[in-house]
Protein chains: 4
Amino acid sequence: MGTRGTAEAADRPPKAVTRGNGLAAIMQSARGIFAERGYHGASIRDIAKGAGLSLSVLYYYHAGKQELLHALLEDALDDCRRGCETALATAGDDPAARLGAFVQATVEYRVRRQVDSLLALRELRNLEPERLERFVERRDALPKLLHEIIDDGVARGVFATPHPDEAQRAILAMCNAIAQWYQPGGDLSVTDLVERYVHLALTVVQHSPPPRRSRPKSR
Amino acid sequence: MGTRGTAEAADRPPKAVTRGNGLAAIMQSARGIFAERGYHGASIRDIAKGAGLSLSVLYYYHAGKQELLHALLEDALDDCRRGCETALATAGDDPAARLGAFVQATVEYRVRRQVDSLLALRELRNLEPERLERFVERRDALPKLLHEIIDDGVARGVFATPHPDEAQRAILAMCNAIAQWYQPGGDLSVTDLVERYVHLALTVVQHSPPPRRSRPKSR
Amino acid sequence: MGTRGTAEAADRPPKAVTRGNGLAAIMQSARGIFAERGYHGASIRDIAKGAGLSLSVLYYYHAGKQELLHALLEDALDDCRRGCETALATAGDDPAARLGAFVQATVEYRVRRQVDSLLALRELRNLEPERLERFVERRDALPKLLHEIIDDGVARGVFATPHPDEAQRAILAMCNAIAQWYQPGGDLSVTDLVERYVHLALTVVQHSPPPRRSRPKSR
Amino acid sequence: MGTRGTAEAADRPPKAVTRGNGLAAIMQSARGIFAERGYHGASIRDIAKGAGLSLSVLYYYHAGKQELLHALLEDALDDCRRGCETALATAGDDPAARLGAFVQATVEYRVRRQVDSLLALRELRNLEPERLERFVERRDALPKLLHEIIDDGVARGVFATPHPDEAQRAILAMCNAIAQWYQPGGDLSVTDLVERYVHLALTVVQHSPPPRRSRPKSR
DNA sequence: CATGAATGAGAATTCATTCAT
DNA sequence: CATGAATGAATTCTCATTCAT
C-alpha cells in the first residue's frame with residue numbers, strides 16, 4: 001500500500017496526486033484494495049482515498065465500480081496474453097521448448113504482476129455475466145494453447161503423459177498458485193523460480209529424454 | 001435448496017426446512033450463497049431466505065455473519081483433516097503409498113465437499129484476523145504433512161525430485177484446483193479422477209520405479 | 001405538516017411514532033413532503049424524519065421511493081373514484097343532477113384530500129412508465145364518465161353547449177384547480193364552494209332551464 | 001433537439017449548435033428537459049448535453065441551475081404579459097370584447113409556448129423564495145386584470161354571473177390546462193380552439209345578450 | 001467562449017444487527 | 001424457536017459547482 005514509486009517523496013501538497021494523473025492513481029489504488037479485500041469488500045471510498053483523490057473523481061474516469069474492476073482485469077489479461085505470445089513467437093517448433101516458453105511467460109507474469117494475477121484469479125466472478133462471458137472467452141485461449149502444446153508433444157512422442165487433460169490443468173494450477181505465495185524480496189529469485197517450474201512442467205508431461213536442465217547459455 | 005424433505009405437504013409456503021433442522025438448513029444455505037457470491041457479496045437475509053427461515057432464527061443459532069462463515073470453514077477443515085488422517089493411518093510406511101493416500105484423500109474431499117472447498121479456498125481471508133490465524137495454523141498441518149511425505153521419499157531415494165518445495169506446492173495446487181472445474185455428473189468418475197491425480201503426483205515427485213498404477217485389486 | 005391530529009399531544013417520548021404504526025406515519029409524512037417539494041425534490045431522509053422514524057424503516061414497508069409515491073397515488077385515486085361512484089349511484093337519471101353529483105363529489109374530494117389531489121395532479125409524471133400507464137388508464141375513467149354525462153345531457157336537449165369536449169375539459173380543469181388555492185380555514189365553506197362549482201358547471205354546459213340554484217337556504 | 005441548423009456539415013460531432021448561438025441552444029435545451037423531468041429531476045449536465053455544449057459554457061451564460069430556471073420563467077412571463085397587453089390595447093371598451101381578447105391572448109400563448117407554459121405551471125415552486133415572490137407578484141397582474149374585466153362586465157350588467165371570483169378562477173384554470181393536452185398537429189386548429197374558449201369564457205361569466213357566436217363562417 | 005479535471009454535499013438503497021414480544 | 005419492526009452505519013452513485021488553463 002504505502003510503498004509508492006521511487007522519485008515521489010518530498011515536494012507534494014496535501015494531495016498525493018498531481019492534477020492530471022488521476023486515472024493512474026485510481027487504477028493503482030483499486031488494484032491494491034480489490035486484491036486485498038475482494039470486490040465486494042472493497043469500498044469505492046477507500047479506493048479513492050488510497051489514490052489521494054475525492055470519491056467522485058472515480059466516476060469521472062469510470063462508469064462505476066464494476067467498470068473499474070473490468071478495466072483492471074482486461075488490462076491484466078492483455079498483458080498476460082502478450083507475454084505468452086511473445087514467448088512462443090521465439091520458441092521455435094519443439095514442444096518442450098514451447099512448453100518451457102509458455103511456463104516461463106506465465107510464471108514471470110504471475111510474479112511481475114502479482115496483484116493483478118490475484119485479481120484475475122479471485123475477482124473474476126464479480127464481473128457482470130455479460131462482461132464475464134466475453135472475458136472468459138478471451139482468457140480461455142491460454143489453457144487451450146497450453147493444451148495444444150501438450151497434445152503436440154504427445155503426438156510427436158516427446159511427452160509421455162497418459163493424461164494430457166490433467167497435465168494441462170495441473171501445470172496451469174501450479175503456475176497460477178505462484179501469485180498466492182511468492183514473495184518478491186525472498187530468497188528465491190525469479191530466474192530460479194522459472195527454471196524450477198519449467199522443470200516441473202516438463203516432469204508433469206513426462207518429457208523424455210529426461211529434462212536436462214542444461215541450457216548452456218542460460219542468462 | 002435441493003434436498004427437500006420427503007413428506008412435504010403441498011400447501012406449505014416456501015419453507016425448505018421441516019421444523020427441527022433449522023441449523024442444518026442455515027448451514028446449507030450459507031454454504032451455497034457464500035460460495036456463489038462471496039462473503040461480502042452474500043447477504044445474511046438471502047441466506048435466511050434460502051434456508052426458508054426468518055432472519056432471527058439465524059441469529060438464534062449463530063452470533064453473526066462472521067461466526068457463520070467461521071463455523072462453515074471449521075467444519076470443512078475438520079472433515080478434510082479427518083480424511084487425510086484416516087487415509088494415512090492405513091497407508092503403511094511406503095512414501096509412494098503415503099503420497100497416494102494423501103492425494104486420494106484430498107481429491108476425494110475436493111469432490112465430496114466441493115462447495116466447502118471453494119469456500120475454504122476463497123473466503124478464508126474474510127475471517128477476522130484472530131480467527132484467521134488460528135484457522136491457518138490448523139490448516140497448515142496439511143501442506144506440512146505433504147512436505148514430510150515428500151522429504152521422506154526423497155531421503156529414501158524413491159522420489160527423485162530436485163525441488164521438493166515446488167513439488168509440494170504443485171501437488172496441492174493441482175488438487176485444490178479440482179474444486180474449481182470438476183463436474184460431478186460429467187464423464188470423469190471420481191475413481192478415475194483419483195487415479196489420475198495420484199499418478200500425476202507421483203510423476204511430479206519423480207517417483208521411480210516408474211509408477212505402475214497396477215493396484216491388482218483396485219476397488 | 002405540523003398540524004397533526006387532535007388527541008396527540010403531551011405524553012410521547014422522543015419518537016413521534018409508537019411502535020407498530022410506522023406505515024401510517026410514513027405515508028402521512030410522504031404525502032406532505034412530496035406535495036411540498038415534488039417527487040425529485042423530496043428526499044427520503046426528510047420523509048423519514050418527518051415521520052419521526054429512521055431512514056431504513058421506509059424500506060421495511062416499501063420497496064423504495066418510487067413505490068412509495070405509487071402507493072400514495074393509488075390510494076388517492078381509489079378514494080376519488082369511490083366518491084364519484086357513490087355520488088352518482090344516488091343521483092338518479094337526470095343529466096343535470098348527475099353532473100351536479102359528479103361536480104360535488106369532485107370538489108369535495110379536492111378539499112377533503114387536498115394534498116393528495118396536488119400529488120395526483122403534479123407528481124403523476126414521476127411514476128415509472130409501466131406504473132404510469134396502468135394508473136392513467138384507471139384515472140381516465142373519470143373524464144370519460146363526465147363526458148358521458150354531458151353527451152347524455154346534450155342528447156336529451158337539456159345541455160345546450162356546442163362544444164361538449166371543451167366543456168368537459170373546462171369543468172374538470174376548474175374543479176382540479178381548487179386544490180391549488182382553496183384554504184380550508186378561510187371564509188368560503190365547502191358547502192358554498194360546492195354550490196358555486198355546481199352552478200359553474202351547469203353554466204358551462206349551458207344548462208336550461210336556467211340553473212335555479214334555489215335551495216332557499218339549506219343548512 | 002429538433003431544430004438543427006441548416007448548413008450542418010456531416011462530419012461534425014453531435015453539436016446541435018453552430019458557434020455563436022450557445023445561449024439560445026441552452027435555453028432551448030433547458031426548456032425541454034426541465035419540462036420533461038421537472039426542475040429537480042433535470043440534470044444540468046443533460047441540459048448542456050442536450051444543447052450540444054460543454055458544461056462550463058452553461059456556467060458562462062448562467063450563474064447556475066436556479067438562475068437558468070428563473071431566466072426561462074421570466075422570459076415566458078414577459079411574453080405572456082405582452083400578449084395580453086397587446087390584445088387588450090386594441091380591444092376597446094366593451095367588457096365582452098375585452099374578455100374575448102384576454103382569452104384569445106392567453107389561449108394563443110398556451111399553444112404558442114406550450115412548453116414554457118408547462119414550466120410556469122409546474123416548476124414555479126422551485127424558484128428560491130425571494131425570486132418566487134417577485135415573480136408571483138408580476139404574474140398575479142394577469143388574474144387581477146381578468147378579475148377587473150369581469151367586475152366591469154358585472155357592473156355594467158353584461159355579465160350575469162353571481163360568482164365573479166369563481167368565474168375568474170375557472171376561466172384561467174381552463175385556459176391554462178390547454179398546455180397540458182393540446183396537440184399542435186391534431187385536428188383542432190388554434191383558430192377554432194380560441195373561438196371555443198372565448199365562447200366558453202363568455203358562457204362562464206353568463207354574458208348576455210346570449211353570446212352570438214355569429215361570425216358567419218369566418219375562415 | 002471553451003475545456004477537462006476535480007470536489008463535496010447529498011441522493012437512494014442495503015445490510016448486519018437488535019429488541020420487544 | 002420464532003417473528004415483525006426498527007435502527008444506524010455504510011455503500012454506490014449523482015449532481016451542481018469550481019478552477020486552472
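Small disclaimer: the values here were computed from a predicted structure and weren't measured. Order of the sequence lines sets the chain letters (A, B, ...), proteins ahead of strands, with each chain counted from 1.
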Among [options], the nucleotide that comes nearest once only the side chain of [X] is considered:
{"X": "B:Ser43", "options": "E:dG10, F:dT7, E:dC15", "answer": "E:dC15"}
{"X": "A:Leu55", "options": "F:dT3, F:dT11, F:dC13", "answer": "F:dC13"}
{"X": "C:Arg45", "options": "F:dT12, E:dA12, E:dT17", "answer": "E:dA12"}
{"X": "C:Ile44", "options": "E:dC1, E:dA12, F:dA5", "answer": "E:dA12"}
{"X": "D:Tyr61", "options": "E:dT13, F:dA2, E:dA2", "answer": "E:dA2"}

Note to self: Under a plain distance cut-off of 3.5 Å, with no hydrogens placed, do D:His70 and D:Glu74 share a side-chain donor-acceptor pair?
What the structure shows: yes
Rounded to whole angstrom units, what separation is found between the [atom1] atom of [X] and the [atom2] atom of [N]?
{"X": "A:Gln66", "N": "F:dT11", "atom1": "CD", "atom2": "P", "answer": "18 Å"}
{"X": "B:Leu58", "N": "E:dC15", "atom1": "CG", "atom2": "P", "answer": "14 Å"}
{"X": "D:Glu128", "N": "F:dA16", "atom1": "CD", "atom2": "C1'", "answer": "13 Å"}
{"X": "D:Asn126", "N": "F:dA16", "atom1": "CG", "atom2": "P", "answer": "12 Å"}
{"X": "C:Leu23", "N": "F:dA6", "atom1": "CG", "atom2": "P", "answer": "9 Å"}
{"X": "C:Ile47", "N": "E:dA11", "atom1": "CD1", "atom2": "C1'", "answer": "12 Å"}
{"X": "D:Leu69", "N": "F:dA16", "atom1": "CG", "atom2": "C1'", "answer": "14 Å"}
{"X": "A:Leu53", "N": "E:dA5", "atom1": "CG", "atom2": "P", "answer": "12 Å"}

Next item on the list: Measure across D:Ala51 and D:Ala25 and return the closest heavy-atom pair with its distance rounded to 0.1 Å.
Entry: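 It is CB-O, 3.6 Å.
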Next item on the list: Taking all heavy atoms of A:Ala48 and all of A:Leu55, pick out the closest pair and write down the distance.
Entry: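 Closest heavy-atom pair between A:Ala48 and A:Leu55: CB-CA, 3.7 Å.
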Margin query: With side chain to side chain contact (heavy atoms under 4.5 Å, CB included) as the criterion, how do B:Lys65 and B:Tyr39 come out once you've worked through the C-alpha distance, each side chain's angles and the decisive distance to 0.1 Å?
Written below: CA-CA 9 Å; B:Lys65 198 185 184 184; B:Tyr39 179 71; 3.7 Å; yes
Next item on the list: Answer yes or no: does a side-chain N or O of B:Ser54 lie under 4.0 Å from OP1 or OP2 of F:dA2?
Entry: no
Margin query: With a cut-off of less than 4.0 Å, is there a side-chain N or O of A:Tyr59 near OP1 or OP2 of F:dT14?
Written below: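 For F:dT14, neither OP1 nor OP2 has a side-chain N or O of A:Tyr59 closer than 4.0 Å.
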Note to self: Both A:Tyr39 and B:Val57 contact DNA chain F. Taking the nearest nucleotide for each, which residue is further toward the 5' end?
What the structure shows: B:Val57
Note to self: If you assign each of A:Gly41 and C:Tyr60 to its closest nucleotide in DNA chain F, which residue comes earlier from the 5' end?
What the structure shows: C:Tyr60
Next item on the list: Report the stems of DNA chain F as range-with-range entries sorted by first number; a stem here is at least three consecutive pairs, Watson-Crick or G-U wobble, both distances under 3.5 Å, and write none if there are none.
Entry: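 Paired runs of 3+ in DNA chain F: E:2-21 with F:2-21.
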Next item on the list: Confirm from the modelled atom types if D:Ser56 and E:dG4 form a donor-acceptor pair under 3.5 Å, side chain to base only.
Entry: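 Checked by distance alone, the answer is yes.
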Checklist line | Residue of the set B:Leu69, B:Leu118, B:Leu72 for which side chain to side chain contact (heavy atoms under 4.5 Å, CB included) holds with B:Glu123 | finding: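 Of the listed options, the one satisfying the test is B:Leu69.
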Check: Do D:Phe34 and D:Leu68 have side chains that get closer than 4.5 Å, going by heavy atoms?
Finding: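 Answer yes - side chains close enough.
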Check: Using a cut-off of 4.0 Å on non-hydrogen atoms, how would the nucleic acid contact of C:Ala42 be classed: base, sugar-phosphate, or nothing?
Finding: sugar-phosphate
Note to self: For C:Leu53 and C:Leu58: C-alpha separation, side-chain torsions, deciding distance, then whether side chain to side chain contact (heavy atoms under 4.5 Å, CB included) applies.
What the structure shows: CA-CA 8 Å; C:Leu53 289 168; C:Leu58 210 150; over 6 Å; no
Check: Going through the distances and angles, do C:Glu36 and D:Arg125 end up as a side chain to side chain contact (heavy atoms under 4.5 Å, CB included)?
Finding: CA-CA 9 Å; C:Glu36 190 186 326; D:Arg125 73 172 127 170; over 6 Å; no
Note to self: Which is more 5' along DNA chain E, the nucleotide nearest C:His40 or the one nearest B:Lys65? Just name the residue.
What the structure shows: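 Final value for this comparison: C:His40.
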